[in-house]
Amino acid sequence: MTTPLEAAPRRRWAALAVLVGAVLLLAIDGTVLYLAVPSLTRDLTPTAAQVLWIGDIYSLALAGLLVTMGTLADRIGRKRLLLAGTTAFGLASLLAAFAPTAEALIAARLLLGVAGATIMPSTLSIIRNMFTDQAERTRAIAVWSAASAGGIALGPLVGGVLLERFWWGSVFLINVPIMIVLLVAGAFLLPESRDPAPGRFDPLSAGLSMAAIVPLVYAVKHAIGSGFDTVTAVCLTVGLAAGTLFVRRQRRLPVPMIDVALFRNPAFSGSVLANFISIFALTGLLFFFSQYLQLARGLGPLLAGLAEMPATIASIVVVGLVGIAMSRLGRGRAIALGQALASVGLVLMALAEGADNYLWLGLALVPVGLGVGLAMTLSTDAVVSAVPPRKAGSAASISETAYELGVALGIAILGSIVTLVYRANLTVPDDLPTATRSAVEDSLASAMNVLDPGSALAHAAQEAFVHAMQTTSVIAGVITALAAIVAWRTIPSPKQPADGDPTTSTSH
C-alpha cells in the first residue's frame, strides 16, 4: 500500500535525502574507479580488455537486472528491496576492496552491479509515491538527477582524495560505513509502498529481459575489440531474438512486466532515448578522461578529481534552472537544448585537450555538465510521471535501464574507440623487447608502467592517447547533437506559464 506521507513534508524531504545519498553513492561507485586504474594496473596487472571489464561489468549487471528488480520492487515492497540491496552492496564492496587479482575484482564488481540493481529503481519509485504533487515531484527528481549526474563526476574527486593517502581498494571500502548510515536512516524514514494488484510475477519475462540486454552489450564490446566474428553474430542473434520474444510476450500478458505500449508515446520514448544518449556520451568519455588527466597531463589523483569539478557544479546548478527551461521552451525543446549544450561542450573538450592551459578544459566541462544534467532531469521526470504511482517501479526500471545501458555501451564503444585510435597513432620501434612492446601497445596505463616517463616513446604514447581522446570527444559530440535534433522533433513541447503548470515551478 502506498504511503505518500502527505502530512509530513519534512519527513518526505528527509527521506529524499536518504534516497539521494543512495543514488549518489551508486553513481560515484560507477566512476570512482577511473582514477584508480593506473594504481590497480600496477598491482593487479590487468590487460586492456580486463580494464574495460572492470569498469563495464558493474553497469552491465545493473542494466541486465533493472527491469526484473523494478517489477520485483512493485511486488515485495520498494523499501524492503532497497534495504536488502543496500546490505548486499556493502558486503560486495568489502570483496572488491580486497580483491587479489583482476579476475576477482571483476567478479566483485559484478556482485556490486547485482546489488545496485535492487537499489536504483526503488529510489525513483519511492520518490514517485512520496511526492504526489507534480511540482514537488519534479523538484525532487531534479535533486535526484543532480545527485546521479553529479555523482558521475564526483567519483574521480572522491577517488583522488582517497588515492592520495590509501591504496586503490579504499575507493570501495569507503562504501561500507556510508551504506550502514543509509541502512539505519532508511529503516526509519522511508515509507513502504508496493503495487496493490501486481499480478503474477513472470520468471520467463525476467529471463528474456536479461537475455536481451546482456548479449547485445557484449556483442558491441566484442565486435569493437575483436572484430565482427562468430561470437559477435551469435550474441547479436540471441539478444535480438530474446528482445523480440520479450516484447511479444509483454503484449500478450494481462499484467505485463513492462507496458510496451508506452513507447508509442513520443514524449515517453523520446525521453528514454534522450536519457540514454546523454549518459552514453558523458560516461563513455569520463572513463578515459581521468586517465588522460593523470597519464597525459601528469596530474595527481586529487588534482585530477578536482579538475573534473566544473561538470559536477554545473549539473547541480540545473536544479535551479529546470523550471525556467520548461516554462520558456517546453519539455522537448528544453531536453534538446541540454543535449545541444553537451554537444558543444564535448567538441570544446576535444579542442582543449591538446592545450597546455587547463582553464580551457575546465570551461569546456561546464556546458557538458549543464547540458547532461538538464536533459537527464527532464527525461527522467517524463518517464516516471507517465505511469500511475502503483507502477512506479516498472517505469523507474525503464529509465534506469536506459541510464545503465548508456553507461555500459558508452564505456564499451567510446572506450574501445579510444583504444583503437591510440594504437593506430602509436609507432613502436622495431627493436623494442616483446614484453615491453605488448605493454605499450595495450594501453597508455600499461605503457607508463614500463617506460621512463621522460623518454621519447612515453611522450609519443601520451600524444597518441591525447589524439584518441580528441577523436572520441568529437564523435561523442556529434552523437549528442543528433540526439538533440531527434528530441527537438519528437518530444512535445507545449509552452506553459511558470506559475500555471506545477511541472514548471521547480525553480521556485
Side-chain angles (χ1 to χ4, degrees), residues 62-71 73-74 120-121 124-125 128 141 145 195 198-199 202 204-217 220 236 239-280 330-336 338-339 375-409 479 482-494 503:
L62 271 170
L65 288 169
L66 279 169
V67 172
T68 299
M69 293 303 181
T71 305
D74 286 341
M120 289 295 277
L124 265 179
S125 54
R128 176 70 177 90
I141 289 177
S145 297
D195 187 346
D202 185 22
L204 181 56
S205 291
L208 286 172
S209 70
M210 288 184 280
I213 294 171
V214 175
L216 288 176
V217 176
V220 173
L236 282 174
L240 292 173
T244 302
L245 291 173
F246 176 79
V247 171
R248 293 179 63 182
R249 184 169 180 81
Q250 301 317 296
R251 288 175 174 170
R252 293 198 305 266
L253 289 175
V255 184
M257 179 174 284
I258 287 180
D259 184 3
V260 294
L262 284 171
F263 286 93
R264 297 173 187 165
N265 182 339
F268 184 88
S269 56
S271 296
V272 171
L273 179 63
N275 200 351
F276 168 79
I277 293 294
S278 300
I279 297 302
F280 173 91
R331 188 184 301 278
R333 293 191 180 97
I335 290 174
Q339 292 181 318
M376 184 177 166
T377 295
L378 295 178
S379 60
T380 301
D381 185 37
V383 172
V384 175
S385 300
V387 299
R390 66 187 184 88
K391 292 294 184 184
S394 178
S397 70
I398 295 175
S399 176
E400 288 305 313
T401 298
Y403 177 97
E404 295 303 335
L405 274 176
V407 171
L409 290 178
I479 293 172
L482 292 175
I485 296 173
V486 172
W488 186 281
R489 296 179 63 88
T490 61
I491 302 175
S493 302
T503 304

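Scope of the values below: all heavy atoms of this structure, side chains included, with no hydrogens, waters or symmetry mates.
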Chemist: Mind jotting down which residue pairs meet the salt bridge (charged side-chain N to carboxylate O under 4.0 Å, His left out) criterion with at least one end in residues 239-250? Sequence neighbours excluded, please.
Modeler: D202-R249

Chemist: Measure the CG-OG1 distance between L240 and T244 for me, rounded to the nearest 0.5 Å.
Modeler: 6.5 Å

Chemist: Report the distance from atom CD of Q339 to atom OG of S379, rounding to the nearest 0.5 Å.
Modeler: 8.0 Å

Chemist: Minimum heavy-atom separation for L378 and A334, please, with both atom names.
Modeler: CD1-CB, 3.3 Å

Chemist: Return the CE to OG distance between M376 and S271, rounded to the nearest 0.5 Å.
Modeler: 13.0 Å

Chemist: Return the minimal non-hydrogen interatomic distance between T68 and S209, and the atom names on each side.
Modeler: OG1-OG, 3.6 Å

Chemist: Please give me the minimum heavy-atom distance between M210 and P215, naming the atom from each residue.
Modeler: O-CD, 3.7 Å

Chemist: Give, for atom CD1 of I335 and atom CG of L273, the distance between the pair rounded to the nearest 0.5 Å.
Modeler: 10.0 Å

Chemist: If you compare all heavy atoms of S205 against all heavy atoms of L253, which two are closest, and at what distance to 0.1 Å?
Modeler: OG-CD1, 3.6 Å

Chemist: How far apart are the closest heavy atoms of A242 and A212, and which atoms are they?
Modeler: CB-N, 3.7 Å

